[in-house]
Amino acid sequence: MKSTIAIAAACAAATVGLGMPVATASPSPRVEVVRTEGDYLRATVVLAGALTRHAGNRHRLSYTHDWRGGHGPLTSYSCPAGATISARWTSTRCVERSRRPVTGGEVRLSATGRSARLEGTITSKGWVHVSLTADLVWKQQYPTPMVTFYDEPGRWSGELVTTTGAVAGSLAGTPLDRAQEHSGSAGRWERREVR
């Protein structure tokens, strides 16, 4: 009887010594959603005349201000008498002189959402960066809002609420071409990023 008890005790001790793994629940990864928002403006305008340190006499600025800040291309052309460019087309008689990326500028949407202003300094980037003072005003013409949704699965989502209007003003003292229509959209953007 004693030997049987001794054998059982030895087996129990050996089993404890094996160190069998014990399953444990791993903690769930922490997910944080960071929400940001701001004023939005998108417009394409044509400048008539000389623009500081840019070759040509016609210039097309396609500008967007969103969660990435201000950005877009500034394209300059030399157009002979009787030829011109618009927001959407270019006369075959006009010659492209340069195409430069721009950054910067500040957009302020009014409390009513019926007007917005692009001001501050826009930087035209190239071999030599050129600072251009912006003074453009957007005014709402069509109050029906347009909602656009953006999504990058698992990373971020966002939405954009805008209305359409007309743009006037100048860039670095060069006025918008009065012979052209200048339109754009303005509103608010919201972005939700998963971190």
Side-chain angles (χ1 to χ4, degrees), residues 32-47 51-56 58-77 85 87-88 96-142 145-177 180 182-195:
E32 181 182 6
V33 178
V34 179
R35 178 177 174 273
T36 53
E37 60 182 354
D39 295 336
Y40 175 88
L41 176 67
R42 182 175 184 177
T44 299
V45 297
V46 173
L47 307 165
L51 181 64
T52 305
R53 303 185 74 174
H54 287 73
R58 291 290 188 277
H59 314 271
R60 181 189 294 123
L61 172 65
S62 297
Y63 179 86
T64 301
H65 192 285
D66 54 18
W67 52 87
R68 295 165 291 183
H71 56 93
L74 173 61
T75 309
S76 299
Y77 300 86
I85 65 173
R88 294 190 174 97
E96 183 177 318
R97 301 296 301 274
S98 67
R99 182 174 300 189
R100 298 161 60 106
V102 300
T103 59
E106 295 294 330
V107 170
R108 302 185 187 280
L109 186 71
S110 68
T112 62
R114 292 195 291 266
S115 65
R117 180 179 291 274
L118 167 59
E119 56 190 5
T121 300
I122 291 178
T123 302
S124 172
K125 295 186 174 182
W127 289 107
V128 176
H129 293 356
V130 180
S131 297
L132 305 169
T133 303
D135 185 16
L136 297 175
V137 177
W138 172 90
K139 291 187 178 180
Q140 185 187 80
Q141 289 181 318
Y142 305 101
M146 178 179 292
V147 182
T148 306
F149 295 94
Y150 296 89
D151 182 57
E152 188 173 331
R155 296 189 61 188
W156 64 273
S157 63
E159 62 185 66
L160 183 62
V161 181
T162 61
T163 57
T164 304
V167 182
S170 63
L171 181 65
T174 301
L176 301 191
D177 187 348
Q180 306 292 335
H182 309 278
S183 63
S185 56
R188 295 281 295 173
W189 60 264
E190 180 180 313
R191 180 181 169 100
R192 297 173 292 275
E193 185 175 0
V194 179
R195 296 181 182 177

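Screening Thr112, Thr163, Thr164 for a side-chain hydrogen bond (donor to acceptor under 3.5 Å, both in side chains) with Gln140, the sole residue that qualifies is Thr163. A side-chain hydrogen bond (donor to acceptor under 3.5 Å, both in side chains) with Tyr77 is found for one member of Arg60, Arg58, His59 and no other, namely Arg60.
Judged by distance alone, the side chains of Asp66 and His71 do bring a donor and an acceptor atom under 3.5 Å apart. A side-chain donor from one of Ser124 and Arg100 sits under 3.5 Å from a side-chain acceptor of the other.
Between Val161 and Pro145 the shortest heavy-atom distance is CG1-CB, 4.1 Å. The minimum heavy-atom distance linking Ser131 with Thr121 is given by the pair CB-CG2, 3.7 Å. Residues Ala116 and Leu109 approach most closely at CB-CD1, 3.8 Å, considering heavy atoms. The shortest non-hydrogen separation linking Asp39 to Val107 is OD2-O, 3.6 Å. Contact record, Ser183 with Val167: C-CG2, 4.0 Å, taken as the closest heavy-atom pair. Shown here for Leu41 and Ala186, the closest heavy-atom pair between the two residues is CD1-CB, 4.0 Å.
Salt-bridge annotation for Glu193 and Arg195: present, with a side-chain N of the basic residue lying under 4.0 Å from a carboxylate O of the acidic one.
Atoms CD and CZ, from Gln141 and Arg114 in turn, are 14.0 Å apart once rounded to the nearest 0.5 Å. Within the model, atoms CD1 of Ile85 and CD of Glu96 stand 9.5 Å from one another, a figure rounded to the nearest 0.5 Å. One finds the NE2 atom of His65 at 9.0 Å from the CH2 atom of Trp189 (value rounded to the nearest 0.5 Å). Considering OH of Tyr40 and OG1 of Thr148, their distance stands at 7.5 Å, rounded to 0.5 Å. Leu61 contributes atom CG, which lies 7.5 Å from atom OG1 of Thr44 (distance to the nearest 0.5 angstrom). Between atom CG of residue Leu47 and atom CG of residue Leu132 there is a gap of 9.0 Å, rounded to the nearest 0.5 Å.
Checked by atom type and distance alone, the side chain of Ser110 pairs as donor or acceptor with a backbone atom of Ser115 at under 3.5 Å.
Side-chain atoms of Leu136 and Tyr63, non-hydrogen and from C-beta on, never get closer than 4.5 Å to each other. Between Arg99 and Leu74, the closest side-chain pair of non-hydrogen atoms is not below 4.5 Å.
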Does the side chain to side chain contact (heavy atoms under 4.5 Å, CB included) test come out yes or no for Glu159 and Arg192, once each step is laid out? CA-CA 9 Å; Glu159 62 185 66; Arg192 297 173 292 275; 4.0 Å; yes
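Residues meeting the side chain to side chain donor-acceptor pair (under 3.5 Å) test with Glu119, sequence neighbours left out: Arg108. Considering only residues two or more places apart in sequence or on other chains, Arg191 meets the side chain to side chain donor-acceptor pair (under 3.5 Å) condition with none of them.
Residues in residues 149-170 take part in these ring-ring contact (aromatic ring centres under 6.0 Å, His included) pairs, two or more places apart or across chains: Trp67-Tyr150, Trp67-Trp156.
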